[in-house]
Number of protein chains: 2
Amino acid sequence: MICNSYERFFKTLAEPAKLEIINLLSKGPLNVSQLSKKLNFEQSRASHNLKALADRHFVLVERKGKERYYSLDKTIIAPILRLIDAHVEKYEKHYCKCKGIPWRKKE
Amino acid sequence: MICNSYERFFKTLAEPAKLEIINLLSKGPLNVSQLSKKLNFEQSRASHNLKALADRHFVLVERKGKERYYSLDKTIIAPILRLIDAHVEKYEKHYCKCKGIPWRKKE
DNA sequence: TAATCATATGATTTGCAATTCATATGAGCG
DNA sequence: CGCTCATATGAATTGCAAATCATATGATTA
């Protein structure tokens with residue numbers, strides 16, 4: 001059972017699917033169908049992952065008719081990733097970054 | 001396969017065993033035997049986990065005779081956890097923190 | 001209000017990674 | 001050197017959580 005806040009936090013961000021979602025949503029809000037299509041995810045896969053991200057307040061939801069638009073709460077993600085970048089830059093130059101998160105570079 | 005730096009980073013910190021090690025080492029360096037005993041870990045379990053943490057430069061190793069002393073590189077961990085604390089404080093007040101990391105409170 | 005579209009939810013399966021178990025390496029010491 | 005202590009390493013196992021599959025809910029429109 002996950003009972004520690006840190007574990008909860010890190011576990012949520014330790015999966016490629018959720019990182020891809022974060023990366024995509026950084027470009028703007030999307031509803032579930034749009035997101036599923038862009039990432040080639042099953043609809044339920046997208047929903048499950050989005051729910052986890054929303055539960056931990058990494059993304060926000062807004063209902064528009066039948067659709068639900070998910071958007072990124074950048075205030076928490078951006079500073080974290082900036083710290084990691086610094087760490088990686090310092091120690092892990094040799095590691096591959098096959099799917100770099102583009103908005104990392106903007107700042 | 002883990003290929004993305006962010007995933008590597010978060011996965012490493014997403015396990016209770018590694019968080020317990022980080023917590024313990026925050027109080028000072030220890031060798032493998034001491035750490036295993038304090039955390040009730042099998043020796044090999046401690047070694048495997050310490051290796052992973054060392055590979056990612058979260059901890060440092062120093063040989064002293066047969067023993068190897070592991071110590072925390074606080075420069076990376078502390079700022080990260082501070083950000084998470086702020087996030088948790090804001091959104092997850094209700095979540096339990098059964099094994100709080102003490103040096104979080106000092107700063 | 002039936003039909004359809006958009007999304008959520010629950011149960012089952014499955015894949016992977018942490019632990020364990022067994023063994024290897026390597027340092028100090030008599 | 002042979003022995004023991006400290007740690008590392010590799011292979012096998014196992015537990016868990018993400019993906020999948022099937023179904024439910026809920027909103028819109030005709």
Side-chain angles (χ1 to χ4, degrees), chain A residues 1-25 29-71 95 99, chain B residues 1-25 29-71 95 99:
Chain A
M1 180 192 36
I2 297 178
C3 193
N4 181 299
S5 294
Y6 296 110
E7 195 188 339
R8 285 178 62 91
F9 187 97
F10 289 125
K11 269 205 155 55
T12 303
L13 298 177
E15 292 161 57
K18 294 190 179 62
L19 285 173
E20 283 188 63
I21 289 175
I22 287 172
N23 182 30
L24 182 56
L25 289 184
L30 291 174
N31 64 40
V32 181
S33 312
Q34 295 171 322
L35 188 141
S36 302
K37 191 172 292 177
K38 289 219 180 197
L39 294 181
N40 267 62
F41 282 7
E42 294 229 344
Q43 176 263 318
S44 63
R45 187 184 179 195
S47 274
H48 280 300
N49 277 282
L50 284 166
K51 185 181 189 327
L53 287 168
D55 285 349
R56 285 141 190 83
H57 294 90
F58 293 130
V59 301
L60 312 166
V61 206
E62 199 186 349
R63 299 179 72 140
K64 281 244 175 76
K66 324 183 209 185
E67 294 147 38
R68 300 193 188 184
Y69 281 82
Y70 285 86
S71 61
Y95 291 155
K99 278 187 187 174
Chain B
M1 182 193 33
I2 297 178
C3 193
N4 180 298
S5 294
Y6 297 110
E7 195 188 339
R8 286 178 62 91
F9 187 98
F10 289 125
K11 268 204 154 56
T12 303
L13 298 177
E15 291 162 57
K18 296 193 178 62
L19 286 173
E20 282 187 64
I21 289 175
I22 287 172
N23 182 29
L24 182 56
L25 289 183
L30 291 174
N31 64 40
V32 181
S33 312
Q34 296 171 322
L35 189 142
S36 302
K37 190 171 293 178
K38 289 218 180 199
L39 294 180
N40 267 63
F41 282 8
E42 294 230 341
Q43 176 264 317
S44 63
R45 187 185 180 195
S47 275
H48 280 300
N49 277 280
L50 283 166
K51 186 181 189 329
L53 286 168
D55 285 348
R56 284 144 191 82
H57 293 90
F58 293 130
V59 301
L60 312 167
V61 205
E62 200 186 348
R63 300 178 71 139
K64 280 243 176 77
K66 326 182 207 183
E67 296 148 36
R68 300 195 187 183
Y69 281 82
Y70 286 86
S71 62
Y95 290 155
K99 280 186 187 174

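In what follows, chains are A, B, ... by sequence order, proteins preceding strands, each numbered from 1. Side chains are part of it too, since the values below use all heavy atoms of this structure and drop only hydrogens, waters and symmetry mates.
OP1 or OP2 of D:dA8 sits under 4.0 Å from a side-chain N or O of B:Arg68. Side-chain nitrogen and oxygen atoms of B:Tyr70 include at least one within less than 4.0 Å of the OP1 or OP2 phosphate oxygen of D:dA8.
Annotation: side chain of B:Leu25 is in contact with side chain of B:Tyr70 (closest heavy-atom distance under 4.5 Å). Side-chain contact between B:Ile22 and B:Leu13: present, with at least one pair of heavy atoms (C-beta onward) separated by less than 4.5 Å.
Ring-to-base geometry places A:His48 in a stacked arrangement with C:dT9 (centre distance under 5.5 Å, plane angle under 30°).
Each of A:Lys37, A:Arg45, A:Lys38 was scored for a side-chain contact (heavy atoms from CB on, under 4.5 Å) with A:Phe41, with one residue passing: A:Arg45.
Rounded to an integer number of Å, the gap from CZ of A:Arg8 to P of D:dA17 is 12 Å. Distance B:Glu67 CD to D:dC5 P: 13 Å, rounded to the nearest Å. Across the protein-nucleic acid pair, A:Asn49 atom CG and D:dT20 atom P stand 10 Å apart, rounded to whole Å. Between the CG atom of A:Asn40 and the C1' atom of D:dT20 there is a distance of 15 Å, rounded to whole Å. What separates CG of A:Asn31 from P of D:dG26 is a distance of 19 Å, to the nearest Å. Residue B:Glu42 contributes atom CD, which lies 15 Å from atom C1' of D:dA6 at whole-angstrom precision. Summarising the geometry, the separation between CD on B:Glu20 and P on C:dA18 is reported as 15 Å, rounded to the nearest angstrom. We find that NZ of A:Lys66 is positioned 5 Å from P of C:dA6, with the value rounded to whole Å.
Counting only heavy atoms from C-beta on, A:Gln43 has its side chain closest to C:dA8 among D:dT7, D:dG26, C:dA8. In this structure, of D:dT28, C:dT9, C:dT19, it is C:dT19 that holds the atom nearest to the side chain of B:Arg45. Proximity note for A:Ser47 (side chain, C-beta onward) versus C:dC21, D:dG26, C:dT9: the nearest is C:dT9.
A donor and an acceptor atom never sit less than 3.5 Å apart when one is taken from the side chain of B:Glu15 and the other from the base of C:dA17. Below the 3.5 angstrom threshold, one finds a donor paired with an acceptor across the side chain of B:Ser44 and the base of C:dC21.
A salt bridge does not link A:Glu67 to A:Lys64: none of the charged side-chain nitrogens sits closer than 4.0 Å to a carboxylate oxygen.
Classified by interplanar angle (parallel below 30°, tilted 30° to 60°, perpendicular above 60°), the ring pair B:Phe9/B:Phe58 is perpendicular.
At the heavy-atom level, A:Ala17 lies under 4.0 Å from the strands shown only through sugar-phosphate atoms.
Checking B:Val61 against A:Gly65, the closest nucleotide of DNA chain D that is more toward the 5' end is the one next to B:Val61.
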